[in-house]
Novice: 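Dropping a structure here in structure tokens format, bear with me for questions.
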Amino acid sequence: MSTDVEQTARASGDDVRLKKDFGTIGLLFAAIGSIIGSGWLFSSLKASSQAGPAALISWIVATIMFLLIGLSYSELGVMFPRSGGVARYPHYAWGSFASYSMGWVTWLACASVAAVEVSAVLTYAESYLHWLEHDNGTLTGVGILIAIAIMALFVLINYFGVRWFARINNVLVWWKLAMIVLVIVALLVTAFHSVNFHGLKGGFAPYGIKGAFEAIPAAGIAFSFLGFRQGIELAGETDNPRRNVPLTLIGSVLICGVLYFLLQVAFIGSVPTKDLGGGDWASLNTPQTLLQASGGASANFSPLAVLATVLGLGWLAALLYADAIISPSDTGLIYTSVTARMSYAMGRNRNAPRVLAHVNERGVPWPSLILAWVVGCIFFLPFPSWQALVSIVTSLTVLSFGSGAIALLTFRKQLPDQERPYRLKAAWVIGPLALLSTNLMMYWAGWDQVWKMMCAVLIGYVLLAIFEYFDRGVNRRAPQLDFKHGWWVLVWFAGITLVSYLGSYSGASTVDAGQANVYKFNGGVIANIILTVIVLALAWHCQLPGERVEQILNESEDDVPVEPPVAL
């Protein structure tokens with residue numbers, strides 16, 4: 001009987017040049033470290049201001065949704081432990097057009113996350129270094145230079161290989177877990193006002209169930225879970241994917257979901273009732289409330305640290321300001337690595353420039369790292385607030401996750417004899433629910449986010465046309481597009497756009513974001529159920545024949561030359 005190591009070597013044939021330096025704890029901590037970034041520093045305030053105490057429902061629903069999505073990837077991540085898997089599974093199931101569509105969306109989202117995390121570091125630091133940001137929250141010239149330097153540091157650490165990166169990350173994750181637990185305990189022990197959960201204006205759900213669900217994408221709740229993907233993206237670099245991938249996907253969501261829920265309880269209970277203007281939770285997002293008690297700082301800059309100051313916990317505020325450097329920086333470090341693996345995967349799929357698949361002697365895709373740095377730095381231009389940028393990043397990332405649930409079911413027919421060291425039970429229930437969760441989060445994000453996201457998708461197709469012209473017509477390297485098997489993706493994207501336009505979720509600061517507002521909450525859920533059924537049926541109908549899948553798997557074994565390391 002073959003060993004797990006031997007099975008892994010065969011299953012990950014085209015990733016043999018990448019080092020297998022992530023063990024059980026290393027991979028789990030890569031996911032937890034990626035999840036616990038800037039989200040936990042801001043989302044308790046944002047969720048409370050949008051949903052009131054019903055933000056607790058938001059965290060529970062989000063945890064369940066991401067568990068479903070994670071479970072749908074658990075079988076895939078073990079069956080094909082490939083780095084950059086989110087972009088590669090659609091390639092195997094429906095060919096190049098589908099994989100490019102998902103890969104572009106995923107890569108764009110990943111490339112921006114590191115910049116979002118660096119922005120979070122500087123946003124907290126603005127509380128004591130006022131020259132880092134303008135009054136509107138955008139970076140100053142000096143702030144941009146510092147942000148670019150931090151991004152360069154992320155690239156440098158990743159360049160020297162997975163083993164160094166994993167060791168640094170393990171230490172930082174222990175710190176981040178300890179900090180969250182410390183904040184929860186400190187807030188609960190110092191001040192807990194039970195009246196905050198039911199006795200203020202509007203009661204437990206002052207903005208209704210709509211506000212609770214809208215907070216999932218808009219308040220940074222969904223953003224706070226996106227890092228679970230590292231169990232997929234780094235699957236080609238772990239020593240035992242059969243054990244480590246499912247453990248990472250499920251364990252990271254459960255551990256962080258419980259911590260986030262408890263943190264939300266502690267935050268809601270510890271907010272001084274007198275500082276809520278008229279008992280209105282939405283007033284937390286205005287400078288006239290909680291933060292005036294701390295000397296006039298802005299809650300949008302450092303909410304947890306300011307709350308600690310208001311409660312007389314100066315020592316905790318100091319630790320939070322320190323953690324506001326450590327937590328987002330660690331997540332930014334991880335996402336720099338993941339972004340490089342995404343473009344590496346697209347290079348391996350041959351629907352991106354070949355140079356992106358080059359690796360150095362340490363097994364690091366260094367051209368992809370450099371590209372991640374360049375594109376990440378673009379996001380330091382005068383974009384709006386952390387929350388606004390997080391919303392579009394969340395929408396793009398969640399959209400890319402939806403293909404996993406569809407591929408899970410499609411592979412059951414395409415590759416019935418493929419070895420499945422981990423076989424997901426109830427896949428025909430979990431898969432559709434995972435896709436429905438994806439569609440619902442898109443819907444709750446609101447029309448103002450969806451139309452922007454679809455504009456980004458269109459830009460990707462323009463780039464695909466350019467790439468096809470040069471790499472098919474000139475270099476003759478581009479793979480078979482398989483459009484007749486991937487066109488269903490366009491129907492899915494169009495369906496998301498239509499359902500959002502007809503719905504009542506705007507995602508904008510104004511009530512009217514330009515959509516039709518045809519149906520309310522129940523109608524939106526029904527519309528998304530119908531969309532989920534249509535997408536599953538079309539994807540099932542369009543799937544590649546099994547022999548074509550085998551051909552693509554063999555094509556992915558083509559050797560890509562190993563480049564010598566570049567002197568830095």
Side-chain angles (χ1 to χ4, degrees), residues 14 72-73 75-77 79-80 82 84-107 232 342 345-352 399-418 420 427-428 431-432 434-435 438-439 454 457-458 460-469 471-473 476-498 530-558:
D14 71 337
S72 70
Y73 274 102
E75 179 176 309
L76 299 176
M79 186 166 62
F80 297 117
R82 309 287 170 86
V86 172
R88 303 182 84 175
Y89 304 142
H91 191 69
Y92 304 153
W94 303 285
S96 184
F97 181 78
S99 73
Y100 177 86
S101 300
M102 293 296 102
W104 166 253
V105 169
T106 307
W107 181 82
I232 312 161
M342 284 304 306
M346 294 179 74
R348 293 295 297 168
N349 290 344
R350 294 187 296 144
N351 49 25
L399 176 61
S400 71
F401 288 156
S403 63
I406 312 173
L408 168 69
L409 303 180
T410 302
F411 283 145
R412 290 291 179 94
K413 179 181 180 182
Q414 288 174 310
L415 302 171
D417 299 325
Q418 179 73 26
R420 287 172 169 82
W428 293 98
L435 179 59
T438 297
N439 291 337
M454 290 307 166
V457 170
L458 289 176
Y461 285 133
V462 172
L463 294 177
L464 174 62
I466 296 172
F467 177 79
E468 281 287 307
Y469 172 77
D471 257 35
R472 184 179 301 281
R476 302 188 180 278
R477 173 181 173 266
Q480 183 177 325
L481 198 59
D482 289 312
F483 181 78
K484 69 176 182 179
H485 296 285
W487 63 267
W488 66 269
V489 174
L490 299 179
V491 177
W492 183 25
F493 291 170
I496 289 172
T497 306
L498 179 62
I530 294 173
L531 175 62
T532 299
V533 173
I534 291 173
V535 171
L536 283 173
L538 289 177
W540 180 267
H541 172 73
C542 292
Q543 63 186 262
L544 289 170
E547 58 271 18
R548 173 63 181 145
V549 178
E550 294 290 349
Q551 180 185 354
I552 291 177
L553 289 172
N554 291 331
E555 286 175 355
S556 69
E557 304 296 326
D558 293 341

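Treat the numbers as computed from the prediction; the structure is a model and nothing was measured.
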Novice: For residues F483 and L490, determine if any side-chain heavy atom of one lies less than 4.5 Å from a side-chain heavy atom of the other.
Specialist: yes
Novice: Distance-only check: which donor-acceptor pairs under 3.5 Å involve side-chain atoms of residues 530-542, not counting sequence neighbours?
Specialist:
unit_1: T532; atom_1: OG1; unit_2: N439; atom_2: ND2; d: 2.9
unit_1: T532; atom_1: OG1; unit_2: N528; atom_2: O; d: 2.8

Novice: Mind checking what makes ring pair (Phe, Tyr, Trp, His ring centres under 6.0 Å) contact with F411, not counting sequence neighbours?
Specialist: F80
Novice: Within a strict 4.5 Å, meaning less than it, do heavy atoms of the F493 and L458 side chains meet?
Specialist: no
Novice: Can you sort out the partners of Q543 under side-chain hydrogen bond (donor to acceptor under 3.5 Å, both in side chains), two or more places apart, ordered by chain and number?
Specialist: none
Novice: Atom CH2 in W492, atom OG in S403: separation rounded to 0.5 Å?
Specialist: 6.0 Å
Novice: Measure across V489 and S101 and return the closest heavy-atom pair with its distance rounded to 0.1 Å.
Specialist: CG1-CB, 3.8 Å
Novice: List the residues meeting side-chain hydrogen bond (donor to acceptor under 3.5 Å, both in side chains) with T438, not counting sequence neighbours, and say none if there are none.
Specialist: none
Novice: Taking the six-membered ring for Trp, are F97 and Y461 closer than 6.0 Å centroid to centroid?
Specialist: yes
Novice: Which residues satisfy the ring pair (Phe, Tyr, Trp, His ring centres under 6.0 Å) test with W94, sequence neighbours excluded?
Specialist: W488
Novice: Give a yes or no on whether the backbone of L408 and the side-chain of E75 come within a donor-acceptor separation of less than 3.5 Å.
Specialist: no
Novice: Which heavy-atom pair separates P90 from M102 by the least distance, and what is that distance?
Specialist: CG-CG, 3.8 Å
Novice: Can a donor-acceptor pair be found, under 3.5 Å and without considering hydrogens, that links the side chain of Y73 to the backbone of G404?
Specialist: yes
Novice: Restricting to non-hydrogen atoms, name the atom on A434 and the atom on A405 that form the minimum distance, rounded to 0.1 Å.
Specialist: CB-CB, 3.8 Å
Novice: So which atom in L409 and which in P432 form the shortest heavy-atom distance, rounded to 0.1 Å?
Specialist: CD1-CD, 4.0 Å
Novice: Between T410 and A93, which heavy-atom pair has the shortest distance, and what is it?
Specialist: CG2-CB, 4.3 Å
Novice: Taking side-chain contact (heavy atoms from CB on, under 4.5 Å) as the definition, give me every residue that meets it alongside L498, ordered by chain and number, with sequence neighbours left out.
Specialist: L502
Novice: Please report the shortest heavy-atom distance between S99 and H91, naming the atom on each side.
Specialist: OG-ND1, 3.0 Å
Novice: Going from CH2 on W104 to CG on L464, what distance comes out if it is rounded to the nearest 0.5 angstrom?
Specialist: 10.5 Å
Novice: Give the intermediate values and the outcome of side chain to side chain contact (heavy atoms under 4.5 Å, CB included) for residues L76 and Y92.
Specialist: CA-CA 11 Å; L76 299 176; Y92 304 153; over 6 Å; no
